[in-house]
There are 2 protein chains.
Amino acid sequence: MHRGNRHGRSEQARLAVLEAADDLLVEKGFAALTVEGIAQRAGVAKQTIYRWWPSKTDILLEAFLTDAAEELTPPDTGDLTRDLVTHLTAISRFLTASDAGAVFRALAAEGQHNPRLAARLRAEHLTHQRARDRQPLERAQRRGELPAEADLDTLADRLVGPLYYRALVTGQQITEAFVAQLVRATLAGA
Amino acid sequence: MHRGNRHGRSEQARLAVLEAADDLLVEKGFAALTVEGIAQRAGVAKQTIYRWWPSKTDILLEAFLTDAAEELTPPDTGDLTRDLVTHLTAISRFLTASDAGAVFRALAAEGQHNPRLAARLRAEHLTHQRARDRQPLERAQRRGELPAEADLDTLADRLVGPLYYRALVTGQQITEAFVAQLVRATLAGA
DNA sequence: TTGAGTAGACGCAACGTCCCGTCTACTCTA
DNA sequence: TAGAGTAGACGGGACGTTGCGTCTACTCAA
């Protein structure tokens, strides 16, 4: 039920497409995700999709950025260890147990085959996520809890990298104990 | 130019297929990799491929396991730090700058969409690689350089995870300094 | 004569493009 | 100011293309 509009696209159609793509990915997986399927599920003509998105991964990326990118903000309790454990636990849950995480994993995977997508994912999500990951470290540095010359980017990689590695590569479970040990040992070595 | 053979398949055809798949992946990327393309490049009929491999990812996996899996064996100089720096540097080069690494990245990516492939990649490569990654740590533990109660699996994840994270997710360069700092700080926190 | 090989046609699914007719909001003119 | 005209997004659906995986027919050497 579209409403003709000379000036500008239909927000209703746009949202229906994003939601359909998101739902179908979670339900059937990336391999079964087709443009025609998205169109049908969204109640939208295929041409409407091609008019606004170059490919299905662009739909997924927009859906991901729209409703899921901002949720991984670390807390600020004044206690670095506690903040990191909470934050890394949230990242682990995101990666392994959330719908948004499933979309992220699909995008990261497609990024391996598609450099343009990888670049967009980095520019429009990972750089911002990196900034969020650094926040607890920066605050701790300001408090004097971390040495002024500590390299926070490297530190962030060392905290977050093992989680992505387990979630995306080995598939090992990320336990509470693993996160706790990761934080404890990493801070001990800083 | 086939050679009829009542007893067993043609090793020549098998190798030609594996090499063609490998080459085409590196040259054109995974998105452009097709069974028909592999058959043509290998000088083999499509049916010959389907007779022996269920899908193109199985071809890639076999190619990867055949000629590239064993190269990431860490050295044993008796000096843990040196061994780890050498080993992690080799892993980084493998992931970011080798043909075999390109195949691995493609397989890891496809594994996100295909649980059976992911399981095979883990069973037939990652578990063995994990064992290799642990070797320097086990030797150091035996030498008393690492505490007996150190969790070597976690330690291996903390060493190797950040490399995979950079190579597969963020795309950041992995510098010598990064590896050195990773090893130094990780051992300091153990 | 058996089994692995080549050659290539086939039906299927999804791709991305194209055209159609419909709908609405705006604009222009009588 | 009312009615006709126009622009642009939409749903619907046909189209040619590509790659998939299957199938049949034939070849060749042990």
Side-chain angles (χ1 to χ4, degrees), chain A residues 1-25 27-62 106-107 109-110 113-114 116-117, chain B residues 1-25 27-63 106-107 109-110 113-114 116-117 120:
Chain A
M1 187 58 61
H2 80 96
R3 300 183 293 137
N5 181 1
R6 176 172 173 185
H7 302 288
R9 68 193 280 194
S10 159
E11 182 69 4
Q12 190 180 337
R14 179 179 155 267
L15 292 176
V17 168
L18 295 181
E19 194 179 329
D22 215 292
D23 291 352
L24 284 174
L25 178 82
E27 281 174 29
K28 318 239 177 153
F30 184 86
L33 189 67
T34 68
V35 174
E36 271 153 357
I38 295 170
Q40 188 169 2
R41 171 73 154 251
V44 143
K46 196 163 56 153
Q47 181 57 34
T48 299
I49 292 183
Y50 280 108
R51 195 172 353 249
W52 300 107
W53 291 278
S55 74
K56 68 184 172 188
T57 54
D58 291 83
I59 304 173
L60 274 185
L61 180 59
E62 185 171 331
L107 289 169
E110 275 311 288
H113 308 144
N114 183 343
R116 291 237 314 280
L117 172 63
Chain B
M1 185 58 60
H2 82 97
R3 301 184 294 138
N5 181 0
R6 176 172 175 187
H7 305 288
R9 70 193 277 196
S10 159
E11 182 70 3
Q12 189 180 338
R14 179 180 155 267
L15 292 177
V17 168
L18 295 182
E19 194 179 328
D22 216 293
D23 291 351
L24 284 174
L25 179 82
E27 282 175 28
K28 319 239 177 152
F30 185 86
L33 189 68
T34 68
V35 174
E36 271 151 357
I38 295 170
Q40 188 170 1
R41 170 74 154 249
V44 144
K46 194 163 60 151
Q47 181 58 37
T48 300
I49 292 183
Y50 280 107
R51 203 184 326 266
W52 300 107
W53 291 277
S55 75
K56 66 185 173 188
T57 54
D58 291 84
I59 304 173
L60 274 187
L61 181 58
E62 185 171 331
L107 288 169
E110 274 312 287
H113 307 144
N114 182 342
R116 290 237 314 280
L117 173 62
R120 282 198 65 194

Are any non-hydrogen side-chain atoms of A:Val35 and A:Tyr50 less than 4.5 angstrom apart?
-> yes

Test side-chain hydrogen bond (donor to acceptor under 3.5 Å, both in side chains) applied to A:Gln47 - qualifying residues, sequence neighbours left out | none

Atom OG1 in B:Thr57, atom CZ in B:Phe30: separation rounded to 0.5 Å?
-> 6.5 Å

Can you check whether B:Arg120 reaches B:Asp58 side chain to side chain, under 4.5 Å on heavy atoms?
-> yes

Side chains of B:Leu33 and B:Lys28: closer than 4.5 Å at any heavy-atom pair?
-> no

note: A:Arg14, atom CZ; D:dC10, atom P; distance rounded to Å ~ 12 Å

Taken in chain and number order and not counting sequence neighbours, the residues that satisfy side-chain contact (heavy atoms from CB on, under 4.5 Å) with B:Asp23 are B:Glu19, B:Glu27, B:Arg41

Atom pair CG (A:Leu117) and CG (A:Leu107), whose distance is rounded to the nearest 0.5 Å = 6.0 Å

What's the spacing between A:Leu60 CG and A:Ile38 CD1 if we round to 0.5 Å?
-> 6.5 Å

Looking at DNA chain C, which of residues 48-56 of chain B put a heavy atom within less than 4.0 Å of it?
-> B:Thr48, B:Arg51, B:Trp52

Bending between helix ends of the helix from C:dT1-D:dA30 to C:dA30-D:dT1 [5 pairs per end, 10° resolution] | 10°

Sequence neighbours excluded, the answer for side-chain contact (heavy atoms from CB on, under 4.5 Å) partners of A:Ala42 is A:Ala16, A:Val17, A:Ala20, A:Val44

Using the test side-chain contact (heavy atoms from CB on, under 4.5 Å), find all partners of A:Ala45 that sit at least two apart in sequence or belong to another chain.
-> A:Thr48

Looking at residues at least two apart in the chain, or sitting in another chain, which of them share a side-chain contact (heavy atoms from CB on, under 4.5 Å) with A:Thr34?
-> A:Glu36

Looking at residues 30-42 of chain B, who's got a heavy atom less than 4.0 Å off DNA chain C?
-> none

Under 4.5 Å between any side-chain heavy atoms of A:Leu18 and A:Arg14, yes or no?
-> yes

When you compare the protein's N or O atoms with those of nucleotides 12-14 of chain D, which come within less than 3.5 Å of each other, and at what distance?
none

Rounded to whole angstroms, how far apart are CG on B:Asn114 and C1' on D:dC20?
-> 15 Å

Within 45° of the six-membered ring axis of A:Trp52 and under 6.0 Å from that ring's centre, is NZ or CZ of A:Arg9 located there?
-> yes

